[in-house]
Amino acid sequence: MKIFDTQSQKLREFTPLEDDKVKMYVCGPTVYDSPHLGHARCYITWDMVYRYLKFKGYDVTYVRNITDVDDKIINKAKETDSTPEEIASKYYAEFEKAMQELNVSQPTIEPKATENINEMVDIIKLLVDKGFAYSVNGDAYFDVSKFIKYGRLSRQNIEDLKAGARVETSDIKKNPVDFALWKAVKDETELGWQSPWGKGRPGWHIECSAMSKRYLGETIDIHAGGSDLIFPHHENEKAQSEAAFGKDFVNYWMHNGFVRINQEKMSKSLRNFVTIQDVLDKYDANAIRFFILTNHYRMPVDFNDEALQAAKNGVKRLKNAYEDVKVEIGEEKIQEAKDLLSFLFDEIAKTGQIPFHRIDKMQELEEKIPAEIMNDIIIHFKNFIAAMDDDFNTPKALAIMFEMANCAQKARQLQKDESAAFCVGSLVKISEVLGFDLKKAEKAGDEVTAQLMDLIIDIRHMVRKEKNWALSDKIRDRLTAIGITLKDQKDKTTWSFQ
RNA sequence: GGCGACAUGGCCAAGUGGUAAGGCAGGAGUCUGCAAAACUCUUACCCCCAGUUCGAAUCUGGGUGUCGCCUCCA
């Protein structure tokens, strides 16, 4: 498996530091406002990576932090006449809800910055002791000139940074590029913690160094986040951690591209952001995930209504394959096929080999999977693995899902139920690895609606038997007008919300 | 100014040097009482110029254009 590493700027074969264990850290959100589509892209991307690594058989520890102490939170609290804690907990709740609705899996550990203040102070102390940091007036700064490798990750050199007009100058810093590890409170009422340098709060970058060390160790496999974090955030984290512990901080740095809107980056400062909730009001989680995964994770992706609509239509086709086959052969058969295939797929994913040594299992597979599609299924599946192994080429992986859907529909139309079951079973399996839920209805109706629909369809069935097309079409048209679509299939009629 | 990314059909998008996956939209057909869905077929001189090569979307150089980071940002 190859992963593009930001530091070396190339694809590198992925090898975990320790056996099959993967330690993965993703920079989480600062909870000071509603989560937007940019967050959706970021966390869906890393969720996909997490799911795929697990599928490959790795024992993944996935840490995604919550930044709940920060100037932006404090400012928001002042503006809204509330406390930083209230702001953080309010937006944290919104974030959690959005992640859940997007079918983003829960990380292994989701630590909060405020629960790791002592760990941060310890690192700062270590840095001061080692001479990599200095304190002035209750602040503590990292002395960039002491860390030779500074700039390695983002390929910046200190001189150029100084020359850039955007570096904040400050009288108390030794060097304009030095960054804050600890910031003294301005007055005693402000949010802060005691430290050897007085009451204050941590700088932005130190939290990730502290949490990464605490939950994963001094050197980790993967550290990921949005590409805007490369500099200065990740550069600074790296400097702190490596200076403090004297070890490489991260083996593979990964960064996702941005969501753009009208050719511009979507961001809070540009005020052009669309919240996740806005999008969820119109499109479901599958459509949003599809929209994001049709682009390679490192490329920018342009948000607009047509793109989301196209994604929605694409998902619909995949879901139709599942639903059409389900109507014909039943959910149990699909589930059975999927369970059987899971064994095969999991083995191939982990070892790259067809598990011929599992004689009993393989015999069962060969008996149950029609020979005519066995080969196709394995080839499709291997293509899927190859695509994903190539730096998570999800656009290619999606193309393979469409091939599986096509295989299922063709088999269904030829009345080859077994083949259809296995094609759709492999489609469902792969869709789950990518975090889709093809079984989910777009909108859930209540029990009464379901029963009413059964009744209406029943009555219409009788009308159609009498060839009263005028009335049966009228029923269908009226339902369409309320947003319910009827599909007359062979001997069954199904319905769904538009 | 420094660092970096991208330019492929109407739109989105993949692409390992040997003449272009896939999706959306459109068109035609099959199926269906009609629809819907599905299935089949259907449209590309890969931004420009030069070079390397038997051969380049793919490599090199030079343009042009768009975007990002260097200040908070996923």
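No hydrogens, no waters, no symmetry mates; every other heavy atom, side chains included, goes into these values. None of the values given here were measured: they were computed from a predicted structure.
Within 4.0 Å (heavy atoms only), A/Gly257 reaches at least one base atom of the nucleic acid. Contacts of A/Met299 with the nucleic acid, taken as non-hydrogen atoms under 4.0 Å apart, involve only primed sugar atoms and P, OP1 or OP2. Within 4.0 Å of A/Gln489, counting heavy atoms only, lies no atom of the nucleic acid at all. Within the 4.0 angstrom heavy-atom criterion, base atoms lie near A/Asn256. Heavy atoms of A/Gly225 sit under 4.0 angstrom from primed sugar atoms or phosphate atoms, though from no base atom. Within the nucleic acid shown, A/Leu229 comes within 4.0 Å of sugar-phosphate atoms alone, with no base atom in reach, counting heavy atoms only. Within 4.0 Å of A/Phe258, counting heavy atoms only, lies at least one base atom of the nucleic acid. A/His36 comes within 4.0 angstrom of a nucleotide base, judged by non-hydrogen atoms across all strands. A/Ser227 comes within 4.0 angstrom of nothing in the nucleic acid, heavy atoms only. Note on A/Lys410: only backbone sugar-phosphate atoms sit closer than 4.0 angstrom, heavy atoms only; bases stay farther off. No engagement by A/Phe291 is indicated, since no non-hydrogen atom pair under 4.0 Å with the nucleic acid exists. Residue A/Val259 is classed as a base contact, given a heavy-atom separation below 4.0 Å to a base.
The shortest distance between side-chain heavy atoms of A/Ile377 and A/Phe422 falls below 4.5 Å.
In this structure, the CZ atom of A/Arg478 is 18 Å from the C1' atom of B/A35, given to the nearest Å. The separation between A/Lys312 atom NZ and B/C12 atom P is 21 Å, rounded to whole Å. The separation between A/Asn236 atom CG and B/C69 atom P is 16 Å, rounded to whole Å. With rounding to whole Å, A/His234 atom NE2 is found 16 Å from B/G68 atom C1'. A straight line from CD of A/Gln156 to P of B/G1 spans 15 Å, rounded to a whole angstrom. Taking atom CD of A/Glu159 as the reference point, atom C1' of B/G1 lies 14 Å away to the nearest angstrom. For the pair A/Lys72 NZ and B/U71 P, the computed distance is 14 Å after rounding to whole Å. Atom CD of A/Gln263 is separated from atom P of B/G68 by 9 Å (rounded to the nearest Å).
The side chain of A/Asn393 places an N or O atom within less than 4.0 Å of a non-bridging phosphate oxygen (OP1 or OP2) of B/G15. Contact annotation: A/Asn406 reaches the phosphate of B/U40 (side-chain N/O to OP1 or OP2, under 4.0 Å). Between A/Lys265 and B/C69 there is a side-chain N or O to OP1 or OP2 distance below 4.0 Å.
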Q: Do nucleotides 16-33 of chain B as a string where each nucleotide becomes B, S or -: B if the base has a protein heavy atom under 4.0 Å, S if just the sugar-phosphate does, - if no protein is that close.
A: -----BSSSS-------B
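Using N1 to N3 plus N6-O4 or O6-N4 for Watson-Crick, or N1-O2 and O6-N3 for G-U wobble, each under 3.5 Å, B/C24 pairs with B/G10. Base-pair partner of B/U19: not found among the strands shown (Watson-Crick or G-U wobble, both distances under 3.5 Å). Shown here, B/C45 forms no base pair; nothing in the strands shown gives a Watson-Crick or G-U wobble contact with both key distances under 3.5 Å. Of the nucleotides present, B/A50 is the one that pairs with B/U60 by Watson-Crick or G-U wobble criteria, both distances under 3.5 Å. Pair assignment for B/G68 gives B/C3, based on Watson-Crick or G-U wobble hydrogen-bonding distances that are each under 3.5 Å. Nucleotide B/G33: unpaired (no Watson-Crick or G-U wobble partner with both distances less than 3.5 Å).
On the P atoms, B/C39 is 42 Å away from B/G55, given to the nearest whole Å. Only the C1' atoms considered, B/G10 is 28 Å distant from B/G63, to the nearest whole Å. Straight-line distance between the C1' atoms of B/A28 and B/C69: roughly 50 Å, to the nearest whole Å. Spacing between B/A14 and B/U8 at atom C1', rounded to whole Å, works out to 10 Å. B/G68 and B/A20 have their P atoms separated by 34 Å, with the value rounded to a whole Å. Nucleotides B/G61 and B/G4 are separated by 13 Å at their P atoms, to the nearest Å. Remark: the separation of the P atoms in B/A5 and B/C49 is 24 Å, to the nearest Å. Annotation: B/U52 and B/C12 have their P atoms spaced 35 Å apart (nearest Å).
Listed nucleotides: B/G4, B/A38, B/C69. Nearest to the side chain of A/Gln413: B/A38. Side-chain atoms of A/Arg260 lie closest to B/C67 of the nucleotides B/C67, B/C39, B/A74. For A/Asn295, counting side-chain heavy atoms from C-beta on, the closest listed nucleotide (B/A74, B/A36, B/C12) is B/C12. Closest approach to the A/Pro232 side chain among B/C70, B/A38, B/A74 is made by B/C70 (side chain taken as heavy atoms from C-beta onward).
Taking the six-membered ring for Trp and the full ring otherwise, the centers of A/Tyr322 and A/Phe436 sit at least 6.0 Å from each other.
Contact check on A/Glu235 versus A/Arg152 returns no salt bridge, with no Lys/Arg side-chain nitrogen under 4.0 Å from an Asp/Glu carboxylate oxygen. Between A/Lys474 and A/Asp477 there is no salt bridge, since no side-chain nitrogen of the basic residue lies less than 4.0 Å from a carboxylate oxygen of the acidic one. Remark: A/Asp71 engages A/Arg201 in a salt bridge, criterion side-chain N to carboxylate O under 4.0 Å.
Note on ring orientation: taking the six-membered ring where Trp is involved, the planes of A/Phe381 and A/Phe345 are parallel (angle under 30°, cut-offs 30° and 60°).
Taking for each of A/Leu486 and A/Val301 the nucleotide of RNA chain B with the nearest heavy atom, the 5'-most of the two is the partner of A/Val301. Of the two residues near RNA chain B, A/Gln409 and A/Asp302, the one whose nearest nucleotide lies more 5' is A/Asp302.
Between the side chains of A/Asn65 and A/Tyr25, at least one donor N or O lies within less than 3.5 Å of an accepting N or O.
Because its NZ or CZ atom is both nearer than 6.0 Å to the ring centre of A/Tyr252 and within 45° of the ring axis, A/Arg12 counts as a cation-pi partner of that residue.
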Q | Derivation and outcome, disulfide (SG to SG under 2.5 Å), residues A/Cys27 and A/Cys208 | A | CA-CA 7 Å; A/Cys27 287; A/Cys208 290; 3.8 Å; no
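Judged by distance alone, the side chain of A/Glu264 and the main-chain N or O of A/Ile261 form no donor-acceptor pair under 3.5 Å. A donor-acceptor distance shorter than 3.5 angstrom exists from the side chain of A/Arg289 to the backbone of A/Asn103, with no hydrogens or angles considered.
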